[in-house]
There are 2 protein chains.
Amino acid sequence: MSYPPGFRIERERTRPEKAGDVARSKAIQAAIELFSTSGYNKTSIAEVALRTGLSQSGLLHHFPNKTALLTAVLEQREKEDSEFLFGEGEPPLGWAAFDSLVALVARNSTRPEWIGLFVRISAEATEASHPANRWMLDHYSSVRAWLTRALEHGKENGEVLPDAPVDAIVRNTIAVLDGLQQQWVAEPHSMSMVAELRVYLHQLHTVWGTA
Amino acid sequence: MSYPPGFRIERERTRPEKAGDVARSKAIQAAIELFSTSGYNKTSIAEVALRTGLSQSGLLHHFPNKTALLTAVLEQREKEDSEFLFGEGEPPLGWAAFDSLVALVARNSTRPEWIGLFVRISAEATEASHPANRWMLDHYSSVRAWLTRALEHGKENGEVLPDAPVDAIVRNTIAVLDGLQQQWVAEPHSMSMVAELRVYLHQLHTVWGTA
DNA sequence: ATTGACCGACCGAGTACACGGTCCGTTTCC
DNA sequence: GGAAACGGACCGTGTACTCGGTCGGTCAAT
């Protein structure tokens, strides 16, 4: 009781390179790779441990169970994505929001594991009992909220036509994103994703933009 | 030796409604339901057998192994889908092809299992070792071929602008289809899919059509 | 009309294995 | 010396699949 509750976190922040932390992040990286190719269900923690350079018990020392490992992976992804998208500032609005989505996809194209991870997990997580179900619903709803806000802001701004069907555009955009990623995972070298997305955004601009 | 080798087959063809065939199709139906909610990997054949009203051994009498059950399911889906889309005649071309896709989605909305099945299987099958991997690649490539032909026919016809980026439009359309289905599976009552698709098709028409 | 060969439909028990997780012990580092 | 960082052995469960067998029906030959 001699230390305030923030002490532990403070110590970790000042000395982040302890052996355990290295193992932890190595394990997360290994889990990302395996989840992205085999999905969560089919991946065994023994395999993750092997890739990490640990025994299964050693891995379970850092993550009490399999779902803890999964949530660590998801937190990592969420963190890196939102840092890239928003940085420290405000999320972009208007059509700029859609442009930044293209940038995100372009960047993730250089990290195939992250795309595979998302495709696999979000499909598995459609099952209500899946440990990532809640995460996935929250994720989608926050992206929808952001894009909806972006379009409505665009309407007020005069960037977007007043009669643009916001909800459908938002859902379709997310659908294109997810669908292209799925095709890309299935046949990685058959397309660029960015080129296709630009065509889609060109359509949006042409139809609902105030040229 | 008193009968020609084809005799037995002939007899089966004249009496197709034996008890085994009923069990077979019941099993396929049960498998569709379970695959659609739990995916292929996570579904146990014991559970399928239970839903069918058979013992596990009884089920395995009809399907030698789990992958045989899966291919039976996929064949069934492929058959019903192409019957609905093309009937006995020629596949529609030009923009009509895209309209028929909407019709297919509208029809499948009344059969949630089929949408769930497709979402789950095609995500699992991104893994090269998955028993449905080949099927999925073939499926996508045939849909792409059809839509590509449809657009090129539309160009010759004057329905479609000559500089329309065929490949990107095809991939984006498939992406919207898949992505919307995924959202629909995650939250079944949050959208209609058909309304969103109409907005997307409206964009295609406006931008690449010869009004 | 009966018989006997044969077959499809089906079941119960068992096998081999993979997997998530526990328990307890040992080393390493502050 | 105490806690963190591991490893080894073990356990219970789930799973795909095998094996041996039963039962009822079909059909040609008697």
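Letters A, B, ... are given to chains in the order of the sequence lines, protein chains preceding strands, and every chain is numbered from 1.
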Quiz prompt | Per-nucleotide protein contact string for nucleotides 15-21 of chain D, where B marks a base within reach and S marks sugar-phosphate only (heavy atoms under 4.0 Å, - for neither) | solution = SBBB---
For atom [atom1] of [X] and atom [atom2] of [N], their distance in whole Å:
{"X": "Arg24(B)", "N": "dG8(C)", "atom1": "CZ", "atom2": "P", "result": "14 Å"}
{"X": "His61(A)", "N": "dG8(D)", "atom1": "NE2", "atom2": "P", "result": "16 Å"}
{"X": "Leu69(A)", "N": "dG21(C)", "atom1": "CG", "atom2": "C1'", "result": "14 Å"}
{"X": "His62(B)", "N": "dG8(C)", "atom1": "NE2", "atom2": "C1'", "result": "9 Å"}
{"X": "Leu54(A)", "N": "dA5(D)", "atom1": "CG", "atom2": "C1'", "result": "8 Å"}

Exercise. Test the Lys79(B)-Phe84(B) pair against the cation-pi criterion, namely NZ or CZ under 6.0 angstrom from the six-membered ring centroid and within 45° of the ring axis.
Key: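 Lys79(B) over Phe84(B) ring: no.
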Quiz item: Leu59(A) near the nucleic acid: base, sugar-phosphate alone, or nothing, with a heavy-atom cut-off under 4.0 Å?
Solution: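 Nothing, no heavy atom under 4.0 Å.
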Determine, for [X] against [Y], whether the closest basic-nitrogen to carboxylate-oxygen distance falls under 4.0 angstrom.
{"X": "Arg120(A)", "Y": "Glu124(B)", "value": "no"}
{"X": "Arg111(A)", "Y": "Glu80(A)", "value": "yes"}
{"X": "Glu187(A)", "Y": "Arg144(B)", "value": "yes"}

Practice problem: Evaluate the ring planes of His202(A) and Trp208(B), with Trp represented by its six-membered ring, and classify them as parallel (under 30°), tilted (30 to 60°) or perpendicular (over 60°). | Solution: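 If you compare the ring of His202(A) with that of Trp208(B), the planes turn out tilted.
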Practice problem: Could you tell me which residues satisfy side chain to side chain donor-acceptor pair (under 3.5 Å) with Asp138(B), sequence neighbours excluded, listed by chain and number? | Solution: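 Not a single residue meets the side chain to side chain donor-acceptor pair (under 3.5 Å) criterion with Asp138(B).
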